[in-house]
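Excluded from the calculations below are hydrogen atoms, water molecules and symmetry mates; all remaining heavy atoms, backbone and side chain alike, are included. Letters A, B, ... mirror the listed sequences (proteins, then strands); counts begin at 1.
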Number of protein chains: 2
Amino acid sequence: MTNQETIVAAKKVFTNYLEKHGHRRTNERFSVLEEIYLLNDHFDVESLFVHMKSKSYRISRATLYNTIELLLECDLITRHQFGKNLALFERSYAYKQHDHLICQDCEHIFEFCDPRIQQIQSMMGDILRFDVAAHALHLFGHCRELKDKGVCKHHKG
Amino acid sequence: MTNQETIVAAKKVFTNYLEKHGHRRTNERFSVLEEIYLLNDHFDVESLFVHMKSKSYRISRATLYNTIELLLECDLITRHQFGKNLALFERSYAYKQHDHLICQDCEHIFEFCDPRIQQIQSMMGDILRFDVAAHALHLFGHCRELKDKGVCKHHKG
DNA sequence: GTTTGTGCAAATTTTTTGCATTACA
DNA sequence: TGTAATGCAAAAAATTTGCACAAAC
């Protein structure tokens, strides 16, 4: 599936969701979805706002927050809180479940996947009689040779 | 080790840290440490502020933020970000490493421990050539019978 | 006696809300 | 055309900063 195909499919999901819940299908909402899926990276609301403004969209922060809320509800995006007081988001349609490794030197975010997390999740749900709906595993640390290769550009020390 | 003994030990750690780093040992700093260790639960800065004010401490938010920064640096407390724009903290001296299960209905936080997380952590560190310093695994969901028993008091639906 | 740390209030940063206007249905 | 959604700006919430005074060292 190409990125354009993914965007078309995601828009279909969004259309369905909006219809089902009696929300209007505004241009702004689809523009936000499209730009998020074109970004193809983690983003915060302010940077998305600046990004869309730079592409001459007429959009407000209020609409971004509003639309992001809707996109979260229909699972087209995911929200992350990586230990800072700033929420980060990322597209999640047709993107496999994954967790994050956050470099505390260069702020780069790496993704990984491990089936054992699902096992822990369902086991803990059973033991504690809890319906686990989602999980988030964050590994914080420092990239080793990645910073030598120039990936970790903003290394502190 | 009783709680009082833990507090005494934690204060010793803090004293050491402050001396070593040329910071002054002020009454405020030790009061904050003590109140946090007496709380014995997750807390945010504002609630700690209100709590200490109610105990007639003369303390400011600025000092709380400042002291919390120091306590984080010497690992006497841990910071959590459970998907909200509000940092939660908890005492961490003489308290075993654990992860969190967050009920999205009643906001209760349960703790658990699973050795497989350490395995994932070191394996991913090796694969991605990353020095993992810490991890955070959050399981989000809804408590089942706990809410029937009245533990989950603020259940939404 | 210096100088760091404190309280207070003002400033920042991130997110939410109120309201007049726009545009979807 | 009626009403939900928008843009804008102001408010709220969480955290940080500046400055005069207090208290460690």
Side-chain angles (χ1 to χ4, degrees), chain A residues 11 14-36 42-74 77 79-89 107, chain B residues 11 14-36 42-74 77 79-89 107:
Chain A
K11 282 188 179 174
F14 199 26
T15 301
N16 254 301
Y17 170 82
L18 293 173
E19 260 175 8
K20 198 169 180 179
H21 291 76
H23 296 307
R24 292 181 179 172
R25 278 153 283 153
T26 68
N27 287 327
E28 286 82 356
R29 287 176 176 169
F30 288 103
S31 300
V32 171
L33 174 59
E34 182 162 330
E35 289 304 320
I36 288 174
H42 299 79
F43 64 92
D44 62 72
V45 177
E46 189 62 21
S47 68
L48 179 60
F49 178 71
V50 170
H51 174 74
M52 290 188 72
K53 279 295 188 184
S54 79
K55 289 181 95 171
S56 326
Y57 279 100
R58 188 165 181 277
I59 191 99
S60 69
R61 270 171 267 256
T63 300
L64 286 186
Y65 280 102
N66 168 2
T67 306
I68 281 173
E69 199 59 41
L70 296 171
L71 292 172
L72 282 170
E73 267 171 56
C74 54
I77 61 173
R79 184 194 151 117
H80 301 294
Q81 202 65 57
F82 290 133
K84 294 191 296 187
N85 306 305
L86 177 68
L88 290 187
F89 302 86
E107 310 271 284
Chain B
K11 282 189 180 176
F14 199 26
T15 301
N16 255 300
Y17 170 83
L18 293 173
E19 260 175 9
K20 199 168 178 178
H21 291 76
H23 297 307
R24 292 181 180 173
R25 277 153 284 156
T26 68
N27 287 327
E28 286 83 356
R29 288 177 175 167
F30 288 102
S31 300
V32 172
L33 174 60
E34 182 162 329
E35 288 305 319
I36 288 174
H42 299 79
F43 65 92
D44 62 71
V45 177
E46 188 62 22
S47 68
L48 179 61
F49 178 71
V50 170
H51 174 74
M52 289 188 73
K53 279 295 188 185
S54 81
K55 290 181 94 171
S56 325
Y57 280 100
R58 189 166 182 277
I59 191 102
S60 70
R61 272 171 265 257
T63 299
L64 287 185
Y65 280 103
N66 169 1
T67 306
I68 282 173
E69 199 60 42
L70 296 172
L71 292 172
L72 283 170
E73 267 172 55
C74 53
I77 60 172
R79 185 195 150 117
H80 301 293
Q81 203 62 58
F82 291 133
K84 294 191 294 187
N85 305 306
L86 177 67
L88 290 186
F89 302 86
E107 309 271 284

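Take the nearest nucleotide of DNA chain D for Asn85(B) and for Arg58(B): the residue whose nucleotide is more 5' is Asn85(B). Closest-nucleotide positions on DNA chain D for Glu28(B) and Leu86(B) were compared, and the one nearer the 5' end corresponds to Leu86(B).
Here the P atom of nucleotide dT13(C) and the CZ atom of Phe49(A) are 15 Å apart, to the nearest Å. Remark: P of dT16(C) and CD of Glu46(A) are 14 Å apart, rounded to the nearest angstrom. As a whole-Å value, the separation of Leu18(A) CG from dA25(C) P is 9 Å. Gln81(B) places its CD atom 12 Å from the C1' atom of dT15(D), with the value rounded to the nearest Å. Rounded to whole angstrom, the span from the NZ atom of Lys84(A) across to the P atom of dT14(C) amounts to 9 Å. Rounded to whole Å, the distance from CZ on Arg61(B) to P on dA10(C) is 13 Å. Between the CZ atom of Phe30(B) and the P atom of dA24(D) there is a distance of 11 Å, rounded to whole Å. Rounded to whole Å, atom P of dT4(C) lies 12 Å from atom CZ of Arg29(B).
Closest to the side chain of Ala62(B), out of dA25(C), dT15(C), dA9(C), is dA9(C). In this structure, of dT2(C), dA4(D), dT6(D), it is dA4(D) that holds the atom nearest to the side chain of Arg24(A). Listed nucleotides: dT15(D), dT6(D), dT15(C). Nearest to the side chain of Thr26(A): dT6(D). Listed nucleotides dA14(D), dT15(C), dT3(D) differ in distance to Tyr65(B); the shortest reach to its side chain belongs to dA14(D). Taking the side chain of Ala87(A) as heavy atoms from C-beta on, and the options dA23(D), dG7(C), dT15(C), the nearest nucleotide is dT15(C).
Side-chain N or O atoms of His51(A) include none that pairs as donor or acceptor with a backbone N or O of Ser47(A) at under 3.5 Å. Panel note: side chain Arg29(B), backbone Asn66(B); no donor-acceptor pair is recorded below 3.5 Å.
With the end axes of the helix from dG1(C)-dC25(D) to dA25(C)-dT1(D) each set by five pairs, the angle from one to the other reads 30° at 10° resolution.
Remark: Lys84(B) NZ is loosely packed, at most 12 non-hydrogen atoms of other residues, nucleotides or ligands lying under 6.0 Å away.
Look at Glu46(A) and Arg61(A) and you find a salt bridge, because one of the NZ, NE, NH1 or NH2 atoms lies within 4.0 Å of a carboxylate O, short of that distance. Taking a cutoff of 4.0 Å between a charged side-chain nitrogen and a carboxylate oxygen, Arg25(B) and Glu19(B) qualify as a salt bridge.
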Worked verdict on Leu64(B) versus Glu28(B) for side-chain contact (heavy atoms from CB on, under 4.5 Å)
CA-CA 9 Å; Leu64(B) 287 185; Glu28(B) 286 83 356; over 6 Å; no
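Nucleic acid contact for Asn27(B): sugar-phosphate only, since backbone atoms but no base atoms lie under 4.0 Å from a heavy atom of the residue. Among the protein residues, Asn66(A) comes within range of the sugar-phosphate backbone only, with heavy atoms under 4.0 Å from sugar or phosphate atoms but none that close to a base.
The aromatic rings of Phe14(B) and Phe30(B) lie perpendicular to each other, with more than 60° between the two planes, well past the 30° mark.
Between His23(A) and dA5(D) there is a side-chain N or O to OP1 or OP2 distance below 4.0 Å.
For Asn27(B), there are no side chain to side chain donor-acceptor pair (under 3.5 Å) partners two or more places apart in sequence or in a different chain.
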